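Note on naming: letters A, B, ... go to the chains in the order of the sequence lines (proteins, then strands), and numbering restarts at 1 for each one. Fair warning: this is a prediction, and the values are worked out from it, not measured in the lab.
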There are 2 protein chains.
Amino acid sequence: MRISEGVEWAAHCCLLLDWMGMGDPETAEPVSTARLAAGYGLPPAYLNKQLQPLVKAGILTSTAGKKGGFRLARRLRDITLMDVLTAIEGPEEAFQCAEIRQHGVWADEPASVFRAPCAIDTAMRTAELEWRRALAAQTLAAIQQNAELQAPGLRAQVQDWYREPRP
Amino acid sequence: MRISEGVEWAAHCCLLLDWMGMGDPETAEPVSTARLAAGYGLPPAYLNKQLQPLVKAGILTSTAGKKGGFRLARRLRDITLMDVLTAIEGPEEAFQCAEIRQHGVWADEPASVFRAPCAIDTAMRTAELEWRRALAAQTLAAIQQNAELQAPGLRAQVQDWYREPRP
DNA sequence: GCGCGGCTACTCGGATATAAACTGTCCGAGTAGCACTGG
DNA sequence: CCAGTGCTACTCGGACAGTTTATATCCGAGTAGCCGCGC
């Protein structure tokens, strides 16, 4: 049970795209995976693969061609950690009840018994719901703000680094 | 990011062991993996493998030999879903920050910048903590009680089924 | 000078290998009960 | 009849394959800009 590292990559890239686009997705220019990957020392092709589901989820938009790349589809305040995680890990829950209670002792029980949900499944769902609720409560805008509070000037440094034409 | 099915198996087996032991681990007789597996239609050898970490975690005790098997190490009210999950999935967190921010643009920054934790990591940890908190709040005793409420007579049925010498 | 067409460079997107983790199976060390033997 | 002893059957525990998932890479379709040509 380990969350794919793609989630971390995606979240960082969203923050980076916002910094480079000055916070306005409308006027932002696309950034290629090569440049994004250079910013974090990541393998460019694999980062591209990881960002693709974000496009399908409507978090990013992609444009091909010479000046192409990725852009934010909406503002950071409208993107939650839950959105990013769901885009990459998929919408299904982490705990998937296999209903093993139906395959052994209770196989001959009347179907009415199984109308009631598995108590273990219910408990696991309850806990997982808390997790997802906490994820949905965190917007990328809030996270970015925390990052800037802890490292003042970070925004300007990033923009400077990317001003010259990197790989 | 999918939780191993071993968690579901382990939780069910703990409930089963409690039913068969009449709730008192002290006077309960060991139950072999063959019998436990028969109760749920599971592969016996693999179930054995899944229960082993529960022994190491101090949730179950195992005894070898002819009349051997597994027993609960403590009462259900002293076992939480968090205990079971940690035993099988391991103690490490689901989201593991790779600190990619240190490998690219910010590689040349002073080390003081990295004293502050990664804002994304912090947010993910916060959410995951909520999840674990919810898991730790659910004891197996409470789950068992819910199961019995939804299916009255379940306890007696299980005990009857296991009264005759199954595989 | 200006419009247009072809070309090139660069992009994403998916198809393709490689590594890791999960799932499942098998056999051996060890133990507890049991039968047999001897007193 | 009872104690001791060897044997057998059964248990867990870990070592060994098979299968799905995650990681990493590569190449092709397609687009946007740009250069050159013709008007």
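Applying the 4.0 Å criterion to OP1 and OP2 of dG14(C), one finds that Gln52(A) has a side-chain N or O inside that range. Phosphate proximity of dT11(D) to Ser32(B): present, with a side-chain N or O under 4.0 Å from OP1 or OP2. A sub-4.0 Å separation between OP1 or OP2 of dC12(C) and a side-chain N or O of Thr63(A) is absent. Side-chain N/O atoms of Thr33(A) include one lying less than 4.0 angstrom from OP1 or OP2 on dC12(C). Residue Tyr46(A) places no side-chain N or O under 4.0 Å from the OP1 or OP2 atom of dT25(D).
Per the geometry, CD belonging to Glu5(B) stands 13 Å off C1' belonging to dT19(D), to the nearest Å. Atom CZ of Arg71(B) is separated from atom P of dA32(C) by 11 Å (rounded to the nearest Å). Taking atom CD1 of residue Ile3(A) and atom C1' of nucleotide dT21(D), one finds them 16 Å apart after rounding to whole Å. If you measure from atom CD of Gln50(B) to atom C1' of dC22(C), you get 9 Å, rounded to the nearest angstrom. Residue Lys66(A) contributes atom NZ, which lies 11 Å from atom C1' of dC35(D) at whole-angstrom precision. For the pair Glu92(B) CD and dA20(C) C1', the interatomic distance rounds to 15 Å; values are reported in whole Å. When rounded to the nearest whole Å, the span between CG of Asn48(A) and C1' of dT23(D) equals 15 Å. Here the P atom of nucleotide dC12(D) and the CG atom of Leu17(B) are 11 Å apart, to the nearest Å.
Heavy-atom distances to DNA chain C give each of Gly65(A) and Met1(A) a nearest nucleotide, and the one nearer the 5′ end belongs to Gly65(A). Toward the 5′ end of DNA chain D lies the nearest nucleotide of Lys67(B), the other residue of the pair Lys67(B) and Arg2(A) mapping further downstream.
Nearest nucleotide to the Ser62(A) side chain, out of dT25(D), dG13(C), dC12(D): dG13(C). Which of dT25(D), dT23(D), dT25(C) sits closest to the side chain of Ser4(A) comes down to dT23(D). Of the candidates dT31(D), dC26(C), dT16(C), dC26(C) carries the atom nearest the Ala45(B) side chain, counting heavy atoms from C-beta on. Of the candidate nucleotides dG14(D), dG13(D), dG24(C), dG24(C) has the atom lying nearest to any side-chain atom of Trp9(B).
Considering Ile79(A), Leu51(A), Ile88(A) as possible partners of Ile59(A), the one that fulfils the side-chain contact (heavy atoms from CB on, under 4.5 Å) test is Ile79(A). Exactly one of Leu140(B), Leu17(B), Thr139(B) qualifies for a side-chain contact (heavy atoms from CB on, under 4.5 Å) with Leu76(B). That residue is Leu140(B).
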task = Would you please test Asp121(B) and Arg101(B) for salt bridge (charged side-chain N to carboxylate O under 4.0 Å, His left out) and show each step?
result = CA-CA 11 Å; Asp121(B) 187 32; Arg101(B) 59 176 181 162; over 6 Å; no

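Using a 4.0 Å heavy-atom cutoff across all strands shown, Gly68(B) reaches sugar-phosphate atoms only and no base atom.
Electrostatic pairing of Arg125(B) and Glu93(B) counts as a salt bridge here, judged by a charged N lying under 4.0 Å from a carboxylate O.
Between Tyr162(A) and Trp19(A), the distance separating the two ring centers is not shorter than 6.0 angstrom.
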